[in-house]
Amino acid sequence: MRRWCGTGATLVFGAGLGTALSRLLSIRGGEEEEDKAGLLSRVPVIPVPIVQASELTVSPGGSGAVMKYGFPSLANIKTRESYVTSYDPRTRTASWVIERLNPAVLSGPSDRKYCDFKEDNSVHIFHRSTNADYRGSGFDRGHLAAAANHKWSQKAMEDTFYLSNVAPQNPHLNQNTWNNLEKLCRSLTKRYLNVYVCTGPLYLPRQEADGKLYVRYQVIGQNHVAVPTHFFKVLILEQENGRGVELRSYVLPNKPIDEKVPLEDFLVPIETIERASGLLFVPNIMKRTSSMQAITAK
């Protein structure tokens with residue numbers, strides 16, 4: 001058991017750490033240990049520096065309400081009816097998207113059949129993806145903020161169909177294991193006051209035949225939309241009566257995953273995602289709570 005103690009907070013890394021990190025880079029659908037699973041396990045876990053994060057204060061249910069725990073980064077912030085995002089013009093996808101889930105937003109009159117994927121006209125034409133980029137690519141338009149998370153408002157659900165809120169995702173992953181993770185996020189609203197969900201792409205290095213580490217990823221379409229090697233979800237689970245928060249952090253490879261593999265096997269320390277993504281979560285969360293526990297095995 002490994003612990004890092006900060007002011008009024010404890011991060012707990014349980015026995016599942018080895019399994020989670022091993023799976024992080026090594027699940028390759030039958031390929032042999034291509035990714036050298038020890039890559040991220042060699043990264044030391046240390047306190048991350050404090051950052052100053054802007055916050056929005058708006059009425060509950062609005063997009064700004066999701067920012068209670070601050071911004072993971074400050075570049076190219078965009079707000080929608082149902083989420084807040086940071087857009088990366090180089091990859092033509094978001095760096096992160098944050099939603100706040102509770103029973104009120106998961107039910108309502110909205111209907112997916114009235115929604116269509118659409119270009120984000122707020123992004124410069126040089127830096128946006130189009131439906132044509134995905135056509136025939138072999139990848140799904142994988143939601144980052146899930147449509148089913150926002151039944152409370154038709155506009156909120158429609159906003160999840162901006163192409164700035166999707167990334168190229170393996171169809172088997174999108175329709176199975178990733179879908180199960182999204183369902184898990186929704187189910188947790190039965191046990192917690194609010195479930196804050198931050199989702200984004202990762203582009204992780206792997207060791208190749210010459211022994212060197214490379215970051216390689218495919219691009220699709222005329223606009224060269226980047227295909228992530230992995231995806232992450234960070235869940236901030238807000239307990240009732242001000243008893244603090246729990247964290248769960250997942251990383252899944254962007255490829256088919258055997259459905260028999262439990263989601264718990266993809267739990268990783270939040271520092272792993274912070275280091276790999278260039279984002280910071282812990283300092284902002286610690287501003288808002290005196291009790292925080294990060295779960296890497298449940």
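For the single chain, residues carry numbers from 1 onward in sequence order. Predicted model, so just to flag it, every value in this text is computed and none were measured.
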Student: Stepwise, does the side chain to side chain donor-acceptor pair (under 3.5 Å) test hold for D133 with T130?
Tutor: CA-CA 5 Å; D133 291 321; T130 68; 3.2 Å; yes
Student: To check you understand the geometry: which heavy-atom pair defines the closest contact between S249 and I270, and what is its length?
Tutor: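 Reported closest heavy-atom pair: OG-CB, 3.4 Å.
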Student: Assess, by modelled atom type and distance only, whether the side chains of T199 and K233 contain a donor and an acceptor separated by less than 3.5 Å.
Tutor: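 The criterion, which ignores hydrogens and geometry beyond distance, is satisfied for K233 and T199.
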Student: Are the side chain of E182 and the backbone N or O of A148 linked by a donor-acceptor pair below 3.5 Å?
Tutor: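 Answer holds: no.
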Student: Testing the basics here: between G70 and I98, what is the closest heavy-atom pair and its distance to 0.1 Å?
Tutor: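 Here G70 and I98 meet closest at O-CD1, 4.3 Å.
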Student: Above 12 or not: heavy atoms from other molecules or residues under 6.0 Å from OH of Y114?
Tutor: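 Count not over threshold, so no.
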Student: Mind listing the closest non-hydrogen atom pair of R80 and S164 along with its distance?
Tutor: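 Closest approach of R80 to S164, heavy atoms only: NH2-OG, 4.3 Å.
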Student: Answer with yes or no whether the side chains of N223 and R128 bring together a donor and an acceptor at under 3.5 Å.
Tutor: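 No, no side-chain donor-acceptor contact under 3.5 Å.
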Student: Taking all non-hydrogen atoms of both residues, which atom of P168 and which atom of N254 are closest, and how far apart?
Tutor: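 Taking every non-hydrogen atom into account, O-ND2, 3.2 Å.
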Student: Taking all atoms of both residues into account, what is the closest heavy-atom pair of L202 and S277, and its distance?
Tutor: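 Distance-wise, the nearest heavy atoms are CD2-CB, 3.7 Å.
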Student: Just jot down the side-chain hydrogen bond (donor to acceptor under 3.5 Å, both in side chains) partners of N76, sequence neighbours excluded, or say none.
Tutor: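 With neighbours one apart ignored, the set is empty.
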Student: Quick check: does any side chain N or O of T91 sit under 3.5 Å from a backbone N or O of A226, one acting as donor and the other as acceptor?
Tutor: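 No: the side chain of T91 does not pair with the backbone of A226.
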Student: Can you tell me if D159 uses its side chain to pair, donor with acceptor, with the backbone of Y83 under 3.5 Å?
Tutor: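 Flag not set: sc D159 to bb Y83 has no pair under 3.5 Å.
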Student: Any side-chain donor-acceptor pair under 3.5 Å between K78 and S122?
Tutor: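 K78 vs S122: donor-acceptor pair found between side chains.
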Student: Identify which one of M157, K155, E158 satisfies the side-chain contact (heavy atoms from CB on, under 4.5 Å) criterion when paired with E81.
Tutor: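 So, applying the side-chain contact (heavy atoms from CB on, under 4.5 Å) to E81 and each of M157, K155, E158, only K155 qualifies.
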Student: Would you say that K255 contacts L173 through its side chain, given a criterion of any heavy-atom pair below 4.5 Å between the two side chains?
Tutor: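 In short, these two side chains do not touch, never coming nearer than 4.5 Å.
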Student: Any side-chain heavy atom of E274 sitting closer than 4.5 Å to one from L280?
Tutor: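 In short, these two side chains touch, coming nearer than 4.5 Å.
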Student: Let me know which of T189, L188, L193 forms a side-chain contact (heavy atoms from CB on, under 4.5 Å) with L237.
Tutor: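 Per the side-chain contact (heavy atoms from CB on, under 4.5 Å) rule, the option paired with L237 is L188, out of T189, L188, L193.
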Student: Within the distance-only criterion (no hydrogens, no angle test), does the side chain of S86 pair as donor or acceptor with the backbone N or O of I77 below 3.5 angstrom?
Tutor: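 Not confirmed, S86 side chain does not pair with I77 backbone.
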Student: In terms of the angle between their ring planes, are F117 and H143 parallel, tilted or perpendicular, with boundaries placed at 30° and 60°?
Tutor: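 Taking H143 first and then F117, their aromatic rings sit tilted (interplane angle of 30° to 60°).
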Student: Please find out if less than 6.0 Å separates the ring center of Y217 from that of H230.
Tutor: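 Between H230 and Y217, which both carry aromatic rings, the centre distance is not below 6.0 Å.
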Student: With side-chain contact (heavy atoms from CB on, under 4.5 Å) as the criterion, how do V84 and W96 come out once you've worked through the C-alpha distance, each side chain's angles and the decisive distance to 0.1 Å?
Tutor: CA-CA 8 Å; V84 176; W96 53 261; 4.1 Å; yes
Student: So T160 and S82, side-chain contact (heavy atoms from CB on, under 4.5 Å) or not? Walk me through it.
Tutor: CA-CA 7 Å; T160 69; S82 45; 3.8 Å; yes
Student: V225 vs T93, test: side-chain contact (heavy atoms from CB on, under 4.5 Å). Steps then yes/no.
Tutor: CA-CA 7 Å; V225 184; T93 65; 4.0 Å; yes
Student: Provide the closest heavy-atom pair for L204 versus A276 in the form atom of the first, atom of the second, distance.
Tutor: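 Taking L204 first and A276 second, the nearest heavy atoms are CD2-CB, 3.6 Å.
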Student: Picking from K68, R100, R288, what satisfies side chain to side chain donor-acceptor pair (under 3.5 Å) with E238?
Tutor: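 Of all the options given, the one that passes is K68.
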Student: Within the distance-only criterion (no hydrogens, no angle test), does the side chain of N174 pair as donor or acceptor with the backbone N or O of R141 below 3.5 angstrom?
Tutor: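 Between the backbone of R141 and the side chain of N174 there is no qualifying donor-acceptor contact (under 3.5 Å).
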Student: Using a 4.5 Å cut-off on heavy atoms from C-beta on, say whether the side chain of Y196 contacts that of V245.
Tutor: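 Contact flag for V245/Y196 side chains = no.
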Student: Could you tell me whether the side chain of L184 reaches within less than 4.5 Å of the side chain of L181, counting heavy atoms only?
Tutor: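 Yes, at least one pair of side-chain atoms sits under 4.5 Å.
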Student: What residue pairs, at least two apart or across chains, pass ring-ring contact (aromatic ring centres under 6.0 Å, His included) with a residue in residues 162-186?
Tutor: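 Qualifying pairs, neighbours excluded: W178-F231.
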